[in-house]
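In what follows, chains carry the letters A, B, and so on, assigned in the order in which the sequence lines appear, proteins first and then strands, with residues in each chain numbered from 1. FYI, side chains are in, hydrogens and waters are out, and symmetry mates aren't considered; it's all heavy atoms of this structure.
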Amino acid sequence: MNLVGELVLARNQVLQFTTSSSDNGFLATTQRLNLITTELQESVMKTRMQPISNVWSKLPRVVRDLSQSLGKKIRVEMDGKDTELDKTVLEAIKDPLTHIVRNACDHGIETPEIRAQRGKPAEGVLALRAFHEGGQVIIQISDDGGGIDIERVKRKAVSSGMITQEQASRMSEREASMLIFAAGLTTATVVTNVSGRGVGMDVVRSNIEKTGGQVDLQNRGLEGLTIRIKIPLTLAIIPALVVVTGEERFAIPQVSLLELVRLEREAARKGIEMIEGSPVYRLRGALLPLVYLDGELGLAQRAKGEEAVNIVVLQADDRHFGLVVDRICDTEEIVVKPLGKLLKGLTAFAGATIMGDGKVALILDVMGLAQRAHVISETRERASGAASAATSASESAKRRLLLFSVGGGQRMAAALEEAARLEEFAADQIESSGQQRVVQYRDEILPLISLAEHFGYEEADAPGRGLSVVVVREGERSYGLVVERILDIVEQELKVQRRSQRAGLLGTAVIGGKVTDLLDTAAVVKRFANACETHAV
Amino acid sequence: MSTSRQFCTFYLDRALFGVEVHRVQEVLRDQEMTAVPLAPEVVRGLINLRGQIVTAIDLRRRLDRGPRESSGRSMNVVLRTEGGAVSLLVDEIGDVVEVDDAILERPPENLRGVARGLISKVAKLENELLLLLDADKVLLVPTKA
């Protein structure tokens with residue numbers, strides 16, 4: 001592997017000479033050398049790739065043994081067994097993965113008795129999923145157990161002196177649940193030989209971060225817990241964008257790169273605005289915080305506003321920011337080399353590489369840089385799981401949105417593909433079943449969910465008037481969402497500005513020039529369905 | 001009977017320093033260097049040593065000595081460490097000298113400053129003193145808060 005890395009570097013160096021040579025024979029040979037190297041690199045990479053099932057195959061047994069000794073019933077489901085990962089990465093995540101699974105069995109999934117009390121099937125489900133997303137491999141471990149008891153985690157953290165009472169009370173749910181990754185915290189009241197010794201999740205996290213990955217979790221309360229592990233596809237050779245700032249070259253991994261924006265002199269002066277001294281740029285209507293790389297790294301700063309401004313739009317976690325650099329060069333395959341022990345503490349760099357001319361260039365750690373520049377901060381409320389999942393899928397693509405109003409002109413939007421049909425029902429078509437308003441619709445009884453009611457707006461419909469209904473399908477069933485009026489269908493890029501904590505809302509975006517709430521259809525329907533079930537019980 | 005050890009010597013600010021020869025991987029002439037922003041001050045940069053990236057430490061800064069007056073090029077003394085190779089930048093390279101344990105002495109009490117912690121022994125050579133550095137301590141760079 002290292003040899004291939006060397007070869008790629010040597011190839012890059014040879015390619016540098018081709019620009020200054022006019023010897024045709026030489027050019028043709030280097031062209032071939034280039035192709036062969038690329039192919040060799042690809043095939044070596046391929047041989048190193050192994051399916052994740054190599055690691056997963058041991059897990060069912062772990063779970064079975066554990067569930068027997070704990071007196072629980074747990075079923076393991078696996079999806080995406082064939083997802084391939086680099087051998088070294090696979091090796092590195094084996095232990096963390098086993099640990100997470102053991103944790104889920106021990107703390108997550110409840111005993112059959114408790115599950116029965118909570119109205120869950122006696123058998124718990126542990127679902128493992130692996131898939132590719134944007135050049136990264138995502139491994140998701142979800143259980144349908146008791147989730148994390150946020151209050152208990154906070155109490156534990158306070159009593160062990162990790163945080164103060166005041167900090168605890170200010171913490172968001174998400175931050176609090178991230179506390180389980182802190183060292184020395186255990187929430188299990190009983191120390192078993194399985195877990196509960198307070199060493200664990202912190203080790204899991206550091207092991208995964210060592211491979212360049214990230215861990216994230218989504219606490220769904222009593223519905224369970226999902227842990228997401230993000231792992232860069234290959235570690236050794238990555239495509240990167242090379243930029244220059246203050247005489248120094250830096251490489252930016254392409255995974256984090258979204259787009260490049262160049263502002264000519266006039267546009268730069270107008271386009272970059274300041275909010276309390278922090279520069280921002282309006283990128284298609286959304287505010288993009290800017291970070292000057294030279295300033296951030298303490299390099300000699302160029303006089304601003306003299307020349308064109310180059311902005312590299314980057315993604316860190318689910319946030320975007322713009323990195324201002326002096327010059328943008330080219331993309332290149334780079335070989336990631338670790339920094340020595342002395343420089344390990346520098347979070348702004350992910351490593352170093354050797355460029356075509358033999359000089360060393362630093363690889364920027366986008367995440368670390370963003371944190372350093374406070375473009376993203378840990379303390380800030382991060383997006384809730386549902387919102388980030390929904391937006392990451394849509395963030396860069398144009399989406400067709402259905403615009404409607406709810407309860408007295410409140411503008412809302414939902415993804416058009418979620419709507420199966422738009423219907424108008426006359427007043428006399430509406431019947432009721434128990435408390436529930438329903439209509440007969442295509443040989444089905446369609447329950448009607450009033451969005452105005454759901455969000456606590458005044459229901460504006462006058463008796464006797466017909467209803468505008470958006471029919472959505474969720475699984476096998478259809479539901480009718482009652483809206484005040486269907487306004488429009490628009491196609492535009494969806495930039496969620498403010499993520500909402502409110503149940504049933506994904507967030508807020510500017511659609512058609514006006515502030516509009518984004519409906520989380522699935523959540524609304526789910527809540528409705530749950531409410532029905534509890535009525536039924 | 002006394003034993004003797006070999007030391008690789010070099011000059012820094014006109015003083016003669018030495019490290020044990022088995023710690024030294026190689027000695028290089030001035031290399032092209034890439035500065036590392038935000039790094040501790042003593043880290044001068046990174047060099048490309050045949051495809052390996054090596055951190056270079058400015059020994060003058062490490063020993064709290066002022067910058068070099070003449071703009072002569074510095075030499076790299078590349079040391080082997082557990083965490084890969086590290087290079088020390090020195091003014092001029094000396095010889096490999098054989099030092100008999102009998103002429104070693106603890107650093108005198110009036111030696112002060114950072115150097116005190118870094119110099120393990122002083123060898124009394126015929127015409128000058130050789131200050132023996134504790135390589136591990138030299139490489140233990142205090143990280144900036």
Side-chain angles (χ1 to χ4, degrees), chain A residues 1-13 236 242 244-251 292-301 334-365 368-369 371-373, chain B residues 23-26 28-63 73 76-89 114 118 133-145:
Chain A
M1 191 61 206
N2 283 332
L3 287 177
V4 176
E6 297 300 310
L7 185 62
V8 170
L9 288 179
R11 188 261 325 253
N12 289 352
Q13 283 174 11
V242 180
V244 174
T245 280
E247 307 295 297
E248 296 286 343
R249 273 179 299 181
F250 297 95
Y292 287 90
L293 186 59
D294 47 4
E296 200 48 51
L297 298 182
L299 299 168
Q301 299 199 16
I334 58 164
V335 180
V336 182
K337 308 244 174 189
L339 288 175
K341 221 165 63 185
L342 287 168
L343 302 172
K344 272 275 141 56
L346 296 180
T347 50
F349 306 112
T353 188
I354 294 165
M355 305 300 295
D357 59 2
K359 272 193 75 177
V360 179
L362 289 158
I363 304 168
L364 294 178
D365 183 333
L369 195 67
Q371 261 158 15
R372 217 194 127 74
Chain B
R23 295 294 308 258
V24 179
Q25 181 181 317
E26 60 193 297
L28 297 169
R29 236 190 275 234
D30 195 24
Q31 298 283 311
E32 220 170 334
M33 187 102 46
T34 303
V36 185
L38 310 176
E41 222 184 18
V42 296
V43 175
R44 181 86 84 77
L46 301 171
I47 55 174
N48 169 13
L49 180 64
R50 295 184 301 275
Q52 202 189 352
I53 289 172
V54 174
T55 313
I57 291 180
D58 188 334
L59 199 56
R60 273 176 174 267
R61 284 193 205 151
R62 181 71 183 101
L63 291 172
R73 322 196 81 185
N76 286 283
V77 178
V78 182
L79 303 181
R80 282 190 207 100
T81 73
E82 280 172 28
V86 178
S87 168
L88 295 181
L89 294 177
V114 205
L118 303 179
L133 289 174
D134 183 332
D136 293 313
K137 283 190 187 150
V138 171
L139 299 181
L140 212 69
V141 174
T143 38
K144 265 191 299 186

*Asks:* With respect to chain A, which residue among B/Thr55, B/Asn48, B/Thr81 yields the maximal number of heavy-atom pairs within a distance under 4.5 Å?
*Replies:*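 Among B/Thr55, B/Asn48, B/Thr81, the one with the most close pairs to chain A is B/Asn48.
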
*Asks:* With a 4.5 angstrom heavy-atom cut-off, which part of B/Val54 approaches chain A: side chain, backbone, both or neither?
*Replies:*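 Contact with chain A: none, neither part.
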
*Asks:* Considering all heavy atoms of both residues, which atom of A/Arg372 and which atom of B/Leu38 are nearest to each other, and what is their separation?
*Replies:*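 Taking every non-hydrogen atom into account, NH2-CD2, 3.4 Å.
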
*Asks:* Would you name the heavy atoms of A/Phe349 and B/Pro37 that are closest together and state the gap between them?
*Replies:*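 Between these two residues, the closest heavy atoms are CE1-O, 3.4 Å.
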
*Asks:* For B/Glu32, check side-chain contact (heavy atoms from CB on, under 4.5 Å) against everything at least two apart and list the hits.
*Replies:*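 side-chain contact (heavy atoms from CB on, under 4.5 Å) list for B/Glu32, sorted by chain: A/Lys359.
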
*Asks:* Taking every heavy-atom pair that is under 4.5 Å apart, which of B/Ala85, B/Gly45, B/Ala35 has the most such pairs with chain A?
*Replies:*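 Max contact count across the listed options: B/Ala35.
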
*Asks:* Quick check for you: to the nearest 0.5 Å, what is the distance between B/Thr34 atom OG1 and A/Ile354 atom CD1?
*Replies:*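 Separation between the atoms: 9.5 Å.
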
*Asks:* With a 4.5 angstrom heavy-atom cut-off, could you sort out which part of B/Ile47 is near chain A: side chain, backbone, both or neither?
*Replies:*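 Looking at B/Ile47, just its backbone touches chain A.
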
*Asks:* Against chain A, label B/Val36 side chain, backbone, both or neither, depending on which of its atoms sit under 4.5 Å from a heavy atom there.
*Replies:*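 When you check distances to chain A, atoms from both the backbone and side chain of B/Val36 fall under 4.5 Å.
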
*Asks:* Name the region of A/Ala348, side chain, backbone, both or neither, that has any atom closer than 4.5 Å to a heavy atom of chain B.
*Replies:*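 Contact with chain B: side chain only.
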
*Asks:* Considering residues at least two apart in sequence or located in another chain, which fulfil the salt bridge (charged side-chain N to carboxylate O under 4.0 Å, His left out) criterion with A/Asp365?
*Replies:*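 So A/Asp365 forms no salt bridge (charged side-chain N to carboxylate O under 4.0 Å, His left out) with any residue.
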
